[in-house]
Amino acid sequence: MKRLLVILMVALCALSLVVAKGSSEKQITINFATQSTPTMDYLVSLIPEFEAETGIKVVADLMPYDSLVQKVTIDTTTNTKQYAAFWMEPTWLGRFEDEFEDISKYINDPVLGKGFNLDDFSKPFLDETVRINGKTLGLPFEGCLLVIAYREDLYQKYGLSEPKSLQEHLDNARMLNLKEPGVYGVTMMGKRGQPVFYEYMPYMYGYGASFFDSNMNPTVNTPEAVKALEYMIELSKNAPRGVSSFGWEEAATEFLQGNAGAGLLFTDWLPTLKDSDSSTVAGLWNFTAVPAGPGGQGSPAGTINLGINADVSDAEKRAAFQFINWATSAEMQARLAVVGATPTRLSVLDAPEFATNEYRYFDALKDTYDITITPMKIPEFFELNDALSIELSAAISGEKSAKAALDKAQAEWVKIMRDAH
Amino acid sequence: MSVLKKNSYYIKLMIPGTIFLIIVILAPIISTFVMSLQSYNFTRPSAKSWIGLKNYADIFTDSLFWESIWHTVVYTVVAVASEFFLGLLIALLFYRISKENSPLMSLFILPSVISPVVVGLIFRYMLNTEFGYFTYLLNKVGLFKNIALLGNVKTALGSVIAADIWQWTPFLALMLLSGMITLPQEPFEAAKVDGASQLDTLIHIMLPLLKPVIRVSLMLRIADAVKEFDKLFVMTEGGPGTASETLNYLSYRINFRYFQMGRGSALVFIILIFIILLSIVVLRTLSVKEDIY
């Protein structure tokens, strides 16, 4: 009996030593700040797989967009280090250039970057959306591209073809507006703020206008820009009344309900477009890249990237890289594509399993990756965006002419840039 | 000194509350004022510098600021005045039916307990030009045909005001009805004996007696209307153009979109003074004389 007791005690001591050793190897936990979207929510539901695979715990903090911008700003500027990984957008690059980690060293790390293929992303797209001054500040998680969504059935009915130019897009809109009862030619985003700003940009690039000259002097009221805005006003005559109050949701809803024949749409609407419970046009639509205008071609980047906080510990940064690498891997991108995400990996866009009628819109995505432009990569983006969008919205609502609106915006931009420097 | 000594017990009792008030009210106000004298962008904290009253000068020379003031005044005056008169009518109706708090009134108060963001969303969709029910009804009776209420510079602010009136009229009705129920009956009986008309009784007896309730109700609503943000954010984002930009929305943009905390703090301080001045006007206008009772 005594011997049994001794054996039991020795066994207990050994067990406690094993447990103690296990608990001394501290599990790394990283916090991840992100907006809640259908794709992101799906990714978050898969995080337990990543945790089981790597032993790294990820706490996802899902929040609305405005809260996200504020939290990321506060976390990085006050150095609170609450979040190791962030959702980030291309237009944030200027504001957070010094706050986000350059991930090049992790990509080139023999262990962490093993098998990492950067060429699997479109190079022009990477340059535009995650790179600034030679630094790579994140990885593209979801395309969220601005494309033209159009009603294939109506286009066929009236013998229309995918627009190859902005003029053709306008002509198609006029034709549908005139011919198809109860359907407007286009839907548009005219609401002040980011919606009208993003609606305007493809036309601006199409007419060869730009925001700045080579010396970063604002050029928002050039004759090309005025023509682009006049084109947008002309297009709005074929849209539902009140587009000047249409944000993302209203513009997309018009298309989803079958009230519009076409319109600029961000591809994060894909899950809803494909769902016949939410969309009356499921299966009847297709995408095409924004066509060229007389002065060029371009589509603004709304891409969702994942980045790393430059202030957190090295161990957290490495864990965060593993996480964003997992989330943007070809395998994960293929899984997300099935639920309606816009894959950022070229290998996924070319994969045989997606060469079906259901994924016929992948061609438009590939075309759009090569013409994606990040509007600007400077800290003043939000202020400039607001100043221009106020005037664009005034022009769309008929309050001002295109020239008067852009002249006012130019004066505001000059003031903002002067105050900033 | 003797007064302090005499009241030392009460002064000690006040200390915790006073400290609490200093921490949660006075300190932020002082901090805001100090920040308003600086050039301070939250995204570039290292570039902070003292610039005196330049932020105030910039704000006062900005035409958008004056436009925002005008929109704020219009919003506050039209919304609160409409809510008061409609609320008074509803309260009188309920008072005539029963001189007690009616259970029906509890149902009536429902809009006021809905979150302003939800109210904004409801109105945003109800006023949609294509599928909005309110738009449909208005068009049916021949109003605002071919006009997008939220997308038109002439009607955008009015549409948000309408949402505010829908939400807050029941609150004022409830406040006024509660006041009416507690009024002494003798003055009314005397007026009846003297042959006063119902309108005379309302103007010369009921409303003066209700002054304390009216004063508190209006103060609450004016402060709320001046700092209205949620419905504007959801319904118009201050647009189209700047047609519905109010002081508080402008402050949000400067502080939390551009992170210009110096200029934003100056604007917040101006809003604070604006509310204090408005409150003084209301308090003076509706000052209560003790001899009413």
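What you see is a predicted model, and the numbers here were worked out from it, not measured in a lab. Proteins come first, then strands; the chains are lettered A, B, ... in the order of their sequence lines, and each starts at number 1.
To the nearest 0.5 Å, atoms CG (B:Asn255) and CD (A:Gln70) are separated by 10.0 Å.
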Salt bridge (charged side-chain N to carboxylate O under 4.0 Å, His left out) between A:Glu399 and B:Lys154, intermediate numbers included
CA-CA 10 Å; A:Glu399 189 190 353; B:Lys154 289 177 184 154; over 6 Å; no
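Interface residue A:Thr78: only side-chain heavy atoms are found under 4.5 Å from chain B. Heavy atoms closer than 4.5 Å to chain B are found nowhere in A:Glu391, neither backbone nor side chain. Using a 4.5 Å cut-off between heavy atoms, A:Asp66 contacts chain B through its side chain alone, with no backbone atom that close.
Within the 4.5 Å cutoff, the side chain of B:Thr242 has heavy atoms near those of the A:Arg192 side chain. When side chains are defined from C-beta on, B:Arg257 counts as touching A:Asp386, because their heavy atoms get closer than 4.5 Å. By the 4.5 Å heavy-atom criterion applied to side chains, A:Lys415 and B:Asp62 are not counted as neighbours. Considering only heavy atoms from C-beta on, A:Asn385 stays 4.5 Å or farther from B:Tyr258 through its side chain. In this structure the side chain of A:Phe382 never reaches within 4.5 angstrom of the side chain of B:Arg253, judged on heavy atoms.
Under the ring-ring contact (aromatic ring centres under 6.0 Å, His included) criterion, the residue pairs touching residues 222-246 of chain B are B:Phe229-B:Phe233, B:Phe229-B:Tyr249, B:Phe229-B:Tyr252, B:Phe233-B:Tyr252, with sequence neighbours excluded.
Counting heavy-atom pairs closer than 4.5 Å to chain A, the top-ranked of the candidates B:Phe256, B:Tyr125, B:Phe42, B:Phe131 is B:Phe42.
Here B:Arg124 pairs with A:Glu250 in a salt bridge; the nearest charged N to carboxylate O distance falls below 4.0 Å.
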